[in-house]
Asks: 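Have a look at this one.
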Amino acid sequence: MSSVLVISVVDTLRGHRLLDWLRVPEGVAPTLPGMWGELAHRMQRVLQLREMATNQERDRLAQFLAAIDASPNGVMLLDASDHIDWISSAAADHFGLNQHRDIQQRVTNLVRQPAFVEYLSNGNFTEPLKCPMGHGSKNCLQVYVRPYGDGLKLVLSQDITERERADTMRRDFVANVSHEIRTPLTVLAGFIETMATLPLTEAERARVLSLMSQQAERMQHLVSDLLTLAQIEGSPRPPSNNWTGVSKLMDRIENDAQGLSRGRHTLMFSLPQPCKLCEISGVESEWLSAMGNLVSNAIRYTPEGGSITVTWSSTPEGSAEFSVRDTGPGIASEHLPRLTERFYRADGSRSRDTGGTGLGLSIVKHVIQRHGGELRITSEVGKGSNFTLHVPASRVRYATPA
């Protein structure tokens, strides 16, 4: 009887050791003989497998959240009370939040944009929300909310600022083209009606035909510039093995300038002796278009009696610059950043009077950028303007004299 009692006490002590370990199963299971040892070993094995599975699931969750965080679109998880459970770095940037500090904060207390607050509170998420957000009112977000689980919400955000800007530019472009074409068409239609319904003298008929010819020519220039711009934008990068002599380009531009000016301006073309052997690579017709546009603009906007200086020069770094300086009325500083936009005119009425289509500087900018260069503009009202094409060294070389 006493031996049974001893065995029972020892067995109970072993069970208590196992229970003590199970209460805090962090260390190694106690080494026990018999059934208790086998039970401790199997329990430790089960706990290890569960801990391994938990770690694997935690790693998978971390990888999943890291993949979401790498997306350019924002993701935010809200609980049933609209508190932030998790937020990606993109969403934090979109909404102006802190990815770590703002966790468990109510999102409507942090994002005060009225449209977003109303959209979230209404509960009608069939259509996405488009609203200004983030670092300034110029940024535009498209926000989707998808309910899931027990009152939880998934908030998706996408920065559509560039898309909205492109859409605006496209609408403006269509509107500008329509306006530019409508004016000469209206004039032509009016003249045609006049010639068909009214008896005109030969002098009046000649004048009407001359004006009609001017309007038709204006439309031809517009269509030509549009086609040039479309061709430049849709073409691959210009090759670097097609070389054109700068002296040849300058001669053609000077001849065209003399014909356009018709002696009304003082034209000065400067090509230093060392630069006469200079060659530039790329598309010859595009270089002619860019340089010719700058010179023709200077002639159109410079009053009669003014002077225009066209210079080609080299730099110590091996690059080159084509510069057109005029003594025209100059351009106010607020217009300079937008001069290369399509159809943008600092003085719209005067530009149309001089025959400009509003696309010349846009063509120049696209040409020089395609060739790796830069267009630089300096101007001051009353003191003229200076337009410079900076040609990179990789596009410039000097031919060997014959």
Asks: Shortest non-hydrogen contact from Ser319 to His390?
Replies: OG-CE1, 3.2 Å
Asks: Ignoring hydrogens and geometry, is there a side-chain-to-backbone donor-acceptor pair from Ser210 to Ala206 under 3.5 Å?
Replies: no
Asks: Hey, does Met212 have a side-chain heavy atom less than 4.5 Å from the side chain of Ile192?
Replies: yes
Asks: Roughly how far, to the nearest 0.5 Å, is the CD atom of Gln215 from the CG atom of Leu211?
Replies: 7.5 Å
Asks: Might you confirm whether atom CG of Asn255 has over 12 heavy atoms from other residues, nucleotides or ligands at distances under 6.0 Å?
Replies: yes
Asks: Please report the interatomic distance CD(Gln220) to OG(Ser213), rounded to the nearest 0.5 Å.
Replies: 8.0 Å
Asks: Taking all heavy atoms of Trp243 and all of Val396, pick out the closest pair and write down the distance.
Replies: CZ3-C, 3.9 Å
Asks: Trp287: what forms a ring-ring contact (aromatic ring centres under 6.0 Å, His included) with it, not counting sequence neighbours?
Replies: His371
Asks: As an exercise, state the distance from CD of Glu279 to OG1 of Thr244, rounded to the nearest 0.5 Å.
Replies: 8.0 Å
Asks: Taking 4.0 angstrom as the limit, do Glu374 and Arg376 come out as a salt bridge?
Replies: yes
Asks: Do you know which two heavy atoms are closest between Asp326 and Ala298, and how far apart they sit?
Replies: OD2-CB, 3.9 Å
Asks: Is a side-chain donor or acceptor of His83 paired with a backbone partner of Asp79 at a separation under 3.5 angstrom?
Replies: no
Asks: Would you mind reporting whether Val295 and Leu267 have side-chain heavy atoms less than 4.5 Å apart?
Replies: no
Asks: Please check this pair: side chain of Glu321 against backbone of Ser323, looking for a donor-acceptor N/O pair closer than 3.5 Å.
Replies: no
Asks: Measure the CD1-CD distance between Ile160 and Gln142 for me, rounded to the nearest 0.5 Å.
Replies: 4.5 Å
Asks: List in chain and number order the residues that pass side chain to side chain contact (heavy atoms under 4.5 Å, CB included) with Arg58, two or more places apart in sequence or in another chain; answer none if no residue qualifies.
Replies: Thr54, Asn55
Asks: So how far is it from Ile368 CD1 to Arg395 CZ, rounded to the nearest 0.5 Å?
Replies: 9.5 Å
Asks: Evaluate side-chain contact (heavy atoms from CB on, under 4.5 Å) for Val143 paired with Val155, printing each intermediate quantity in order.
Replies: CA-CA 7 Å; Val143 181; Val155 180; 3.8 Å; yes
Asks: Leu120 vs Thr108, test: side-chain contact (heavy atoms from CB on, under 4.5 Å). Steps then yes/no.
Replies: CA-CA 8 Å; Leu120 200 61; Thr108 51; 3.9 Å; yes
Asks: Is there a side-chain contact between Ile308 and Tyr301, using heavy atoms and a 4.5 Å cut-off?
Replies: no
Asks: Under the side-chain hydrogen bond (donor to acceptor under 3.5 Å, both in side chains) criterion, do Asp69 and Ser71 qualify, and how do the steps go?
Replies: CA-CA 5 Å; Asp69 197 56; Ser71 171; over 6 Å; no
Asks: Just wondering, more than 12 heavy atoms not from Gln104 lying within 6.0 Å of its CD?
Replies: yes
Asks: Got more than 12 heavy atoms from elsewhere within 6.0 Å of CD, Glu193?
Replies: no
Asks: Tell me whether Arg106 contacts the main-chain N or O of Ser81 through its side chain, where contact means a donor paired with an acceptor under 3.5 Å.
Replies: yes
Asks: Are Phe387 and Phe322 an aromatic pair by the rule of ring centers under 6.0 Å?
Replies: no
Asks: Is any side-chain heavy atom of Pro329 closer than 4.5 Å to a side-chain heavy atom of Pro303?
Replies: yes
Asks: Identify the two heavy atoms, one from Ile299 and one from Ser261, that lie closest to each other, and give their separation to 0.1 Å.
Replies: CG2-CA, 4.0 Å
Asks: Could you walk me through whether Ile331 and Leu336 pass the side-chain contact (heavy atoms from CB on, under 4.5 Å) check?
Replies: CA-CA 7 Å; Ile331 305 166; Leu336 295 181; 4.0 Å; yes
Asks: side-chain contact (heavy atoms from CB on, under 4.5 Å) for Tyr398 and Val246? Distances and angles first, verdict last.
Replies: CA-CA 10 Å; Tyr398 288 85; Val246 172; over 6 Å; no
Asks: Any side-chain heavy-atom pair from Val145 and Leu154 closer than 4.5 angstrom?
Replies: no
Asks: For the residue pair Met76 and Ser88, establish whether any side-chain heavy-atom pair is separated by less than 4.5 Å.
Replies: no
Asks: Just by distance, do the side chain of His265 and the backbone of Thr302 share a donor-acceptor pair under 3.5 Å?
Replies: yes
Asks: Could you pull out the closest heavy-atom pair between Ala80 and Asp150, with the gap in Å?
Replies: CB-O, 4.0 Å
Asks: Do Glu317 and Thr315 meet the criterion of a side-chain donor-acceptor pair at a distance under 3.5 Å?
Replies: yes
Asks: Distance check, rounded to the nearest 0.5 Å: Leu110 atom CG versus Gln105 atom CD?
Replies: 6.0 Å
Asks: Determine yes or no for a side-chain-to-main-chain donor-acceptor pair under 3.5 angstrom, with Ser121 supplying the side chain and Glu118 the backbone.
Replies: yes
Asks: Please verify the inter-ring angle class for Phe125 with Tyr119; under 30° counts as parallel, over 60° as perpendicular, anything in between as tilted.
Replies: perpendicular
Asks: Kindly indicate whether the side chain of Met219, heavy atoms from C-beta on, has any atom under 4.5 Å from the side chain of Leu185.
Replies: yes
Asks: Give the minimum heavy-atom separation between Ser270 and Met250, together with the two atoms involved.
Replies: O-CE, 3.8 Å
Asks: I'd like to know if the side chain of Ser289 reaches the main chain of Ser285, judged simply by a donor and an acceptor atom lying under 3.5 Å from each other, with no hydrogens or angles considered.
Replies: no
Asks: Check whether Arg264 reaches the backbone of Leu260 with its side chain - one donor and one acceptor, N or O, closer than 3.5 Å.
Replies: yes
Asks: When you measure from the side chain of Asp93 to the backbone of Ser89, do you find a donor-acceptor pair of N or O atoms at a distance under 3.5 Å?
Replies: no
Asks: Okay, side chain of Gln158, backbone of Gly74: is any donor-acceptor separation there less than 3.5 Å?
Replies: no
Asks: Could you check if a side-chain atom of Ile103 sits within less than 4.5 angstrom of a side-chain atom of Asp85, using non-hydrogen atoms only?
Replies: no
Asks: Begin from the C-alpha positions of Arg207 and Glu204 and carry the test salt bridge (Lys or Arg N to Asp or Glu O under 4.0 Å) through to its verdict.
Replies: CA-CA 5 Å; Arg207 178 177 175 276; Glu204 291 172 336; over 6 Å; no
Asks: Side chains of Ser379 and Ser385: any donor to acceptor distance under 3.5 Å?
Replies: yes
